[in-house]
**Student:** 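One structure, pasted below without further comment.
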Amino acid sequence: PEGDLCSSPDPKICYVCKKSFKSSYSVKLHYRNVHLKEMHVCTVAGCNAAFPSRRSRDRNRNLRMERTIGPGHRDSLHLPKD
């Protein structure tokens, strides 16, 4: 995919989202920072959600687990107190 940046008809436009930039270097930085970020997949069975940060993934996982086993078990999930 990164090689596709060079073969793009306009090297100042991101071929993924069509956003335009002042330089081809800016497109390259944008592509790396926006489109190549590592995604963190939820580990709860049946949940296929993916998040840009581990923190977001863990928050989602904890909420899903709390719904599954019930809010009375909040301490066993190691969730922060409200």
**Student:** Mind listing the closest non-hydrogen atom pair of I13 and V27 along with its distance?
**Tutor:**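 Nearest pair, atom of I13 first, then V27: N-CG2, 3.9 Å.
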**Student:** Please name all residues satisfying salt bridge (charged side-chain N to carboxylate O under 4.0 Å, His left out) with R61, sequence neighbours left out, ordered by chain then number.
**Tutor:**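 Here the qualifying residues are D58.
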**Student:** Who passes side chain to side chain contact (heavy atoms under 4.5 Å, CB included) against V16, sequence neighbours left out?
**Tutor:** C14, Y31, H35
**Student:** For atom CG of N48, decide whether the heavy atoms of other residues, nucleotides or ligands shown that lie under 6.0 angstrom number more than 12.
**Tutor:** no
**Student:** Can a donor-acceptor pair be found, under 3.5 Å and without considering hydrogens, that links the side chain of N60 to the backbone of S56?
**Tutor:** no
**Student:** Please list every donor-acceptor pair under 3.5 Å in which a side-chain atom of residues 18-26 meets a protein atom from a residue at least two apart or in another chain.
**Tutor:**
| from | atom 1 | to | atom 2 | distance (Å) |
| --- | --- | --- | --- | --- |
| K18 | NZ | Y15 | O | 2.9 |
| S23 | OG | S26 | N | 3.1 |
| S23 | OG | S26 | OG | 3.0 |

